[in-house]
Amino acid sequence: MGQTFTREAGGKGTETLPVKCPRYLWKYRTGLRTNSAARRKCAGMPRTGRSGSYREFVDEEEEEEEEGDRPPPGVFGDAAEDRESEEPSEGNSPADGNRGSGPPGRFSKTCLRNFFTVVLIFIYLLLTGVAIFLAYQTISDFLEKLNHPVMSVTYKEVDSFSPPGIALYPGKARLLSCRHHYHDYIPPLVDPGTPQEGDCVTEDVAYVGPFAQQTQKRAVVVRGQQDVRNKEVIFMQFSHNETEEDFSAITYMLFAKFSDLIDSANKSEFMRDCERNYSTWTFSGGFRTWVKMSLVRTSGKNNESVEFRQETAVVKFNDKRPESERTNQLFFAVFEWRDPYMQEIRLIVTANPWNSVAILCGVFMALFKAANFAKLSIQWTIKMRKRHLRNKTRELKQIQ
């Protein structure tokens, strides 16, 4: 008959169990194996249903003991300590291990998600700032191009120009002669300082100046040269008594067409408008001033203007008159076209409103998408925060 083992059964008296496994007897005596599964195993009783993890734990323990493990010396004296160390470990399970390692993993994932959310929000805020700057720059460029059109310059070659108007303000000086010459040739002077026959068309106009002084002015308007191919020039000679003034000079003004003055109903008003809109120049006595003119037409959106550009060359007059006649200062002026090209300037507005509208639409669409993404990101962050707080509260309740 096999060995038996008698022990207390938890306040229900004693129980005698047959031990079919002698090698486990020392554990029964020391109380190290007090669970019901071990007792049933050694007593030959049928095993009740247990979890798979617990069965694996028992089988592994049995395999280790079957390999020849024996209790060390003094094991019976340490029975109480072994019992205390083994009993708490019986309640451990894989679920408890997963619970211990679960919250740190979830916490790290939540932190990672929050970090990427903040980074994405920052990126979208940066893109929003770039979009706003692009919209501002687009509007500024459009207004800049609208207010400062680009000049398109073209040169038109002509055989002849419309005769310009040459308005001279001699003051007390007297026009001695005015003649047309060709091919840049001016014959030598004959008896300078005396009136000579001329072939120029002139018009005398008296009017009140357009500015604050309201001075009375007298202008001698000469019909200008027109044949640019044959280098037509106009040679003028004036005489003026220089003893009455400190400086001696004659002022002149150029305007677009001499025919405009002839066709004007009010010549005084016409000359007043010309003086208001055109510049004036001067040539001095004792010199021959050679003026080379070029015509520039400027076309804008609503108006058209004409101006003259000049190149002047001054040559000293060698006065060979008797000393008694030199009291009268002589003035010489030559007017000529510089070249057969008329310069046309067109003001072109390069600002395209459709391009600006397309850019602004894209910018506003980007702003709308960025705002929508920021809204959804904030809502998702709040939702994840609430979920994290709920899970944390639930874990605290389970621990308590």
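Heads up: numbering here begins at 1 and tracks the sequence.
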Chemist: Please, which pairs that meet disulfide bond (SG atoms under 2.5 Å apart) have at least one residue in residues 304-366, sequence neighbours excluded?
Modeler: none
Chemist: For residues H181 and P187, determine if any side-chain heavy atom of one lies less than 4.5 Å from a side-chain heavy atom of the other.
Modeler: yes
Chemist: Hey, mind stepping through T215 and K217 against side chain to side chain contact (heavy atoms under 4.5 Å, CB included) and telling me if it holds?
Modeler: CA-CA 6 Å; T215 56; K217 292 188 174 183; 3.8 Å; yes
Chemist: Which pair of non-hydrogen atoms, one from P164 and one from F308, has the smallest distance, and what is that distance?
Modeler: CB-CZ, 3.9 Å
Chemist: Hydrophobic clusters here meaning ILVMFWY residues chained together by side-chain heavy-atom distances under 4.5 Å, can you tell me if I382 and L389 are in one?
Modeler: no
Chemist: For V221 and K267, run side chain to side chain contact (heavy atoms under 4.5 Å, CB included): C-alpha distance rounded to whole Å, both residues' side-chain angles, the deciding distance at 0.1 Å, then the answer.
Modeler: CA-CA 11 Å; V221 184; K267 294 181 174 60; over 6 Å; no
Chemist: Flag yes if I250 and V222 sit in one hydrophobic cluster, no otherwise; membership is Ile, Leu, Val, Met, Phe, Trp, Tyr, and two members link when side-chain heavy atoms are under 4.5 Å apart.
Modeler: yes
Chemist: Side-chain contact, heavy-atom cut-off 4.5 Å: R229 with D227?
Modeler: yes
Chemist: Do Q310 and L254 touch side chain to side chain, with heavy atoms closer than 4.5 Å?
Modeler: yes
Chemist: Applying a strict under-4.5 Å side-chain criterion to I, L, V, M, F, W and Y, I'd like to know whether I139 and L146 cluster together.
Modeler: yes
Chemist: Kindly determine whether K257 and D263 satisfy side chain to side chain contact (heavy atoms under 4.5 Å, CB included), including the steps that lead there.
Modeler: CA-CA 10 Å; K257 294 180 180 180; D263 298 338; over 6 Å; no
Chemist: Ion pair present between R326 and E323, side-chain N to carboxylate O less than 4.0 angstrom?
Modeler: yes
Chemist: Is the shortest heavy-atom distance from the side chain of V315 to the side chain of F287 under 4.5 Å?
Modeler: no
Chemist: Determine the interplanar angle of the Y252 and F283 rings, folded into 0 to 90°, and report it as parallel if under 30°, tilted if 30 to 60°, perpendicular if over 60°.
Modeler: tilted
Chemist: Could you tell me whether the side chain of Q196 and the main chain of V190 form a donor-acceptor pair under 3.5 Å?
Modeler: yes
Chemist: Examine V314 and F317 and state if one hydrophobic cluster contains both, with Ile, Leu, Val, Met, Phe, Trp and Tyr joined whenever side-chain heavy atoms are less than 4.5 Å apart.
Modeler: no
Chemist: Nearest 0.5 Å please: distance from the CD atom of E344 over to the OG1 atom of T154.
Modeler: 4.5 Å
Chemist: How close do C178 and I234 get, heavy atom to heavy atom, and via which atoms?
Modeler: SG-CG2, 3.7 Å
Chemist: Flag the pair S284 / T289 as yes when at least one side-chain heavy-atom distance between them is below 4.5 Å, and no otherwise.
Modeler: no
Chemist: Quick one: CD1 on I345 to OG on S305, what's the gap to the nearest 0.5 Å?
Modeler: 8.5 Å
Chemist: Can you find a pair of side-chain heavy atoms, one from F255 and one from L261, that are under 4.5 Å apart?
Modeler: yes
Chemist: Indicate the atoms forming the closest heavy-atom contact of A219 with M271, along with that distance.
Modeler: CB-CE, 4.2 Å
Chemist: Could you tell me if the side chain of E232 sits less than 4.5 Å from the side chain of S160, heavy atoms only?
Modeler: no
Chemist: Mind listing the closest non-hydrogen atom pair of T327 and S324 along with its distance?
Modeler: OG1-O, 3.9 Å
Chemist: For R272, is there an ion pair with E275 - N to carboxylate O distance below 4.0 angstrom?
Modeler: no
Chemist: How many angstroms lie between atom CG of D339 and atom NZ of K231, to the nearest 0.5 angstrom?
Modeler: 8.5 Å
Chemist: Got a sec, which hydrophobics cluster with Y136, joining ILVMFWY side chains under 4.5 Å apart, including via others?
Modeler: none
Chemist: As an exercise, state the distance from NZ of K292 to CG of D184, rounded to the nearest 0.5 Å.
Modeler: 6.5 Å
Chemist: Is it true that a side-chain atom of N266 and a backbone atom of E269 form a donor plus acceptor pair closer than 3.5 Å?
Modeler: yes
Chemist: Hey, does the side chain of S294 reach the backbone of R309 with a donor-acceptor pair shorter than 3.5 angstrom?
Modeler: yes
Chemist: Ignoring hydrogens, what is the shortest heavy-atom contact between R223 and P163? Give both atom names and the distance.
Modeler: NH2-CG, 3.3 Å
Chemist: Would you say that L168 contacts F238 through its side chain, given a criterion of any heavy-atom pair below 4.5 Å between the two side chains?
Modeler: yes
Chemist: May I have the list of side-chain donor-acceptor pairs in residues 330-338 shorter than 3.5 Å, sequence neighbours left out?
Modeler:
unit_1	atom_1	unit_2	atom_2	d
E336	OE1	W290	NE1	2.8
W337	NE1	Q225	O	2.9
R338	NH1	E311	OE2	3.0

Chemist: Could you walk me through whether R297 and K156 pass side chain to side chain contact (heavy atoms under 4.5 Å, CB included), step by step?
Modeler: CA-CA 11 Å; R297 294 182 181 273; K156 181 180 179 181; over 6 Å; no
Chemist: Are L347 and Y155 connected in a single hydrophobic cluster, I mean Ile/Leu/Val/Met/Phe/Trp/Tyr linked by side-chain heavy atoms less than 4.5 Å apart?
Modeler: yes
Chemist: Just verifying a value: how many Å separate D319 CG and E325 CD, rounded to the nearest 0.5 Å?
Modeler: 9.0 Å
Chemist: Is it true that, when you exclude R218 itself, more than 12 heavy atoms of the residues, nucleotides or ligands shown sit nearer than 6.0 Å to its CZ?
Modeler: yes
Chemist: Check this for me: Y341, atom OH, are more than 12 non-hydrogen atoms of other residues, nucleotides or ligands nearer than 6.0 Å?
Modeler: no
Chemist: Looking at CE of M253 and CD1 of I166, how far apart are the two atoms once the value is rounded to the nearest 0.5 Å?
Modeler: 11.5 Å
Chemist: So, the side chain of Q237 versus the backbone of G193: is there a donor-acceptor pair under 3.5 Å, distance only?
Modeler: yes
Chemist: For E197, does its backbone N or O pair with a side-chain atom of R179 as donor and acceptor, under 3.5 Å?
Modeler: yes
Chemist: If you look at every heavy atom in F270 and S264, which pair is closest and at what distance?
Modeler: CB-OG, 3.6 Å
